[in-house]
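Just so it is clear, the structure is predicted and the values come from calculations on it, not from any experiment. All ligand and atom numbering here is 1-based and tracks the order in the structure.
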Amino acid sequence: RRWGNPKCSSSPWDSAAFFGIVSIFFVLRWVLHFKEGLGWDGGLAEFNWHPVLVVIGFIFLQGTAIVVYRLPWTWRCSKLTMKFIHAGLNLLAFALVVVSMVAVFDFHNTAKIPNMYSLHSWLGLAAVILYCLQLVLGIVMFLVPVTPVYWRAAFMPLHVYSGLFIFSSTIAVALMGITEKLIFGLSNPKYKDSPPEAIFVNILGLILVVFGALILLIATRPSWKRPSEQLSHILHTSGGGEDNIRVGPALSQLSEGTDDGEIRRRSNRLDDQDKLPND
Ligand code: HEM
Ligand code: HEM
């Protein structure tokens with residue numbers, strides 16, 4: 001069975017969504033059950049917003065934003081609608097990341113802990129700055145109507161590469177942060193004695209890796225690429241009107257007997273103005 005067929009009971013996106021949501025429950029249980037809870041007092045409860053908001057925003061929302069064009073049930077929406085959803089999810093993620101940065105810097109300043117001394121903080125801040133740049137360039141290139149089509153096409157491969165690079169870096173930065181926090185935070189028993197908190201949070205790290213791996217899988221598989229506007233229009237009307245259920249089967253019929261690249265080649269030949277001259 002092909003992924004993306006709505007008749008399939010599970011797809012990589014279902015699994016990614018599952019692991020993403022479970023990671024949010026894990027980080028919340030970590031700070032609420034094992035740690036000091038959440039607060040805004042310059043203390044450890046304020047620091048705790050840092051992991052919570054990066055897992056929700058920088059990992060879960062960014063990952064969702066990246067694959068949103070590739071979910072077959074969104075192919076009935078226009079490309080412009082999908083651009084707003086992709087940009088909106090990334091903007092929301094960025095807002096949460098900014099609050100998470102304020103929380104950790106405020107905590108450090110209140111406790112007189114130096115800023116920006118660790119590799120985690122260097123790579124983390126670099127990822128946030130690149131993410132901001134990606135957001136601004138994405139809006140200028142793909143949402144502002146006057147941007148020439150050939151600029152869009154030329155910029156697209158860089159946008160995709162840097163998006164996937166930033167997302168992967170985010171997972172790596174989170175793993176470093178988790179390890180640092182466990183080493184700093186556990187004293188009796190220590191991290192090396194494997195207390196329940198250490199095992200629990202190590203599992204959170206594993207879940208984040210699996211989530212990242214699934215998002216990268218979905219975002220790089222040619223057969224999951226969104227068909228062009230024209231092709232999706234044909235697909236949606238071939239079943240007789242706006243019947244959404246027919247979209248997936250129509251696509252899978254179309255792709256039946258073709259290799260993974262075939263449907264992509266077909267879709268790329270049609271009008272997709274952000275990529276046309278490029279592919
Ligand atoms: C500190 C970014 C995830 C734990 C920092 C700092 C930055 C940062 C820029 C420096 C703050 C300062 O110097 O005042 C990020 C980013 C993340 C992330 C972009 C996104 C994935 C996490 C996670 C944890 C964590 C999931 C787990 C608890 C820490 C700790 C510090 C810290 C313990 C203080 C020690 C240090 O500066 O290295 N983070 N972080 N971080 N972060 Fe993260
Ligand atoms: C595609 C990341 C912001 C427009 C992509 C892809 C990634 C990505 C990884 C490839 C997805 C795929 O091949 O299916 C990001 C990140 C952003 C961001 C991390 C924020 C920091 C934006 C913004 C816009 C935008 C603000 C403006 C509308 C697009 C478009 C595509 C795309 C038009 C092509 C979709 C397609 O292939 O059909 N983005 N993006 N992105 N992004 Fe972004």
Side-chain angles (χ1 to χ4, degrees), residues 23 27 30-31 35 47-48 50-55 57-59 61-63 65-71 75 79-80 82-91 93-94 97 100-109 111 113-144 147 152 155-157 159-167 169-185 201 204-205 208 215-216 218-222 224-229 267-268 272-275 279:
S23 72
V27 73
W30 182 20
V31 303
K35 293 290 180 203
F47 169 85
N48 289 343
H50 177 62
V52 168
L53 293 178
V54 293
V55 168
F58 221 14
I59 298 183
L61 287 181
Q62 183 185 184
I66 284 175
V67 297
V68 86
Y69 290 109
R70 291 182 177 243
L71 307 178
W75 293 347
K79 184 69 180 278
L80 185 63
M82 293 317 297
K83 284 189 193 180
F84 277 116
I85 293 173
H86 176 76
L89 285 170
N90 278 311
L91 262 173
F94 183 66
V97 171
S100 93
M101 291 296 125
V102 174
V104 67
F105 277 94
D106 197 35
F107 164 68
H108 273 192
N109 294 339
I113 300 170
N115 291 314
M116 300 303 297
Y117 65 86
S118 64
L119 181 60
H120 167 76
S121 61
W122 293 5
L123 289 177
L125 198 62
V128 176
I129 293 168
L130 287 176
Y131 191 69
C132 180
L133 203 66
Q134 172 92 344
L135 203 52
V136 172
L137 283 173
I139 292 169
V140 170
M141 288 289 177
F142 302 120
L143 272 186
V144 174
T147 307
R152 294 185 175 190
F155 183 65
M156 183 58 83
H159 181 79
V160 173
Y161 167 75
S162 54
L164 296 178
F165 175 71
I166 295 167
F167 176 71
S169 310
T170 301
I171 303 276
V173 168
L175 301 180
M176 289 178 175
I178 283 174
T179 304
E180 270 192 7
K181 182 67 180 171
L182 286 174
I183 293 172
F184 297 157
V201 181
L204 166 63
L208 294 179
I215 294 295
L216 292 178
I218 298 167
T220 53
R221 224 182 127 81
W224 266 50
K225 205 164 173 62
R226 178 188 160 88
S228 73
E229 293 294 86
S267 77
N268 286 342
D272 201 338
Q273 59 155 350
D274 293 331
K275 296 183 245 88
D279 276 316

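One finds the CD1 atom of Ile171 at 4.5 Å from the CD1 atom of Ile59 (value rounded to the nearest 0.5 Å). For the atom pair CG of Leu130 and OG of Ser169, the computed distance is 7.5 Å after rounding to the nearest 0.5 Å.
Those atoms of ligand 1 that come under 4.0 Å of a heavy atom in Gly124, given as number and element, are 2 (C), 19 (C). Set against the non-hydrogen atoms of Gly138, the atoms of ligand 2 under 4.0 Å away are 23 (C), 24 (C), 26 (C), 27 (C). For ligand 1, the atoms sitting less than 4.0 Å from at least one non-hydrogen atom of Ser118 are 36 (C), 37 (O), 38 (O), numbered in the order shown with element in parentheses. Contact atoms of ligand 2 toward Lys225: 37 (O) (distance under 4.0 Å to a heavy atom of the residue). Within the listing of ligand 2, atoms 19 (C) sit less than 4.0 angstrom from a heavy atom of Gln62. Atoms of ligand 2 lying under 4.0 Å from any heavy atom of Val160, numbered from 1 in the order shown and given with element: 9 (C), 10 (C). For ligand 2, the atoms closer than 4.0 angstrom to any heavy atom of Leu143 are 27 (C), 28 (C). Atoms of ligand 2 lying under 4.0 Å from at least one heavy atom of Ile139, given by number and element, are 26 (C). Heavy-atom contacts of Ile66 reach the following atoms of ligand 2: 9 (C), 11 (C) (cutoff under 4.0 Å). Atom numbering of ligand 2 starts at 1 in the shown order; those under 4.0 Å from a heavy atom of Tyr131 are 19 (C), 20 (C), 21 (C). In summary, the atoms of ligand 1 found under 4.0 Å from a heavy atom of Pro51, numbered by their order in the structure, are 27 (C), 28 (C).
Contacts of Val54 with ligand 1, taken as heavy-atom pairs under 4.0 Å, involve the side chain alone. The side chain of Asn90, and not its backbone, has at least one atom closer than 4.0 Å to an atom of ligand 2 (non-hydrogen atoms only; side chain from C-beta on).
In this structure, the side chains of Leu137 and His159 stay at 4.5 Å or more apart for every pair of heavy atoms.
Considering backbone and side-chain N/O atoms, His159 comes within less than 3.5 Å of an N/O atom of ligand 2. The shortest N or O to N or O distance between Ser121 and ligand 1 is not under 3.5 Å. Of the polar atoms of His50, at least one N or O is found under 3.5 Å from an N or O of ligand 1, judged by distance alone. The N/O atoms of Arg70, backbone and side chain alike, include one that comes under 3.5 Å of an N/O atom in ligand 2.
Close to ligand 2: Lys79, with a non-hydrogen atom less than 4.0 angstrom away. In this structure, Trp122 falls outside the shell of residues with a heavy atom less than 4.0 angstrom from ligand 1. Residue Met176 places every heavy atom at 4.0 Å or more from ligand 1. Taking 4.0 Å as the cut-off, Phe107 does not count as a neighbour of ligand 1 on heavy-atom distance.
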Self-check item: Chi angles and distances behind the side chain to side chain contact (heavy atoms under 4.5 Å, CB included) call for Asn90, Tyr131
Solution: CA-CA 9 Å; Asn90 278 311; Tyr131 191 69; 2.8 Å; yes

Practice problem: Run the numbers on Met82 and Arg226 for side chain to side chain contact (heavy atoms under 4.5 Å, CB included), then give the verdict. | Solution: CA-CA 10 Å; Met82 293 317 297; Arg226 178 188 160 88; 3.4 Å; yes

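At the shortest separation from atom 14 (O) of ligand 1 among protein heavy atoms lies Asn115 OD1, 2.5 Å. At the shortest separation from atom 33 (C) of ligand 1 among protein heavy atoms lies Phe47 CZ, 3.5 Å. Nearest protein neighbour of atom 21 (C) of ligand 1, counting heavy atoms only, is Thr170 O, 3.3 Å. Of the protein's heavy atoms, Val173 CG1, 3.6 Å lies nearest to atom 16 (C) of ligand 1. With respect to atom 2 (C) of ligand 1, the closest heavy atom belonging to the protein is Met101 CE, 3.4 Å.
The residue from Arg152, His86, Arg221 that puts a heavy atom closest to atom 25 (C) of ligand 2 is His86. Comparing heavy-atom distances from atom 23 (C) of ligand 1 across Ala127, Ala174, Ala103 singles out Ala174 as nearest. By heavy-atom distance, the residue among Met116, His120, His108 lying nearest atom 37 (O) of ligand 1 is His108. Considering each of Val104, Val128, Ile59, the one bringing a non-hydrogen atom nearest atom 11 (C) of ligand 1 is Val104. Compare Phe142, Phe58, Phe155 by their heavy atoms: the one nearest to atom 4 (C) of ligand 2 is in Phe142.
Here the closest heavy-atom approach between residue Trp224 and residue Trp75 is recorded as O-CZ2, 3.6 Å. In terms of heavy atoms, Ala219 sits closest to Val67 at N-CG1, 4.3 Å.
Ring geometry for Phe165 versus Tyr161: interplanar angle under 30°, hence parallel rather than tilted (30 to 60°). The aromatic rings of His50 and His120 sit perpendicular to each other, their planes meeting at more than 60°, with 30° as the lower class boundary.
Cation-pi geometry between Lys181 and Phe47 is met: the NZ or CZ atom falls under 6.0 Å from the ring centre, inside 45° of the normal.
Centroid-to-centroid, the aromatic rings of Phe142 and His86 stay 6.0 Å apart or farther.
At least one donor-acceptor pair closer than 3.5 Å links the side chain of Asn109 to the backbone N or O of Phe105. In this structure, Gln62 contributes its side chain and Gly57 its backbone to no donor-acceptor pair below 3.5 Å.
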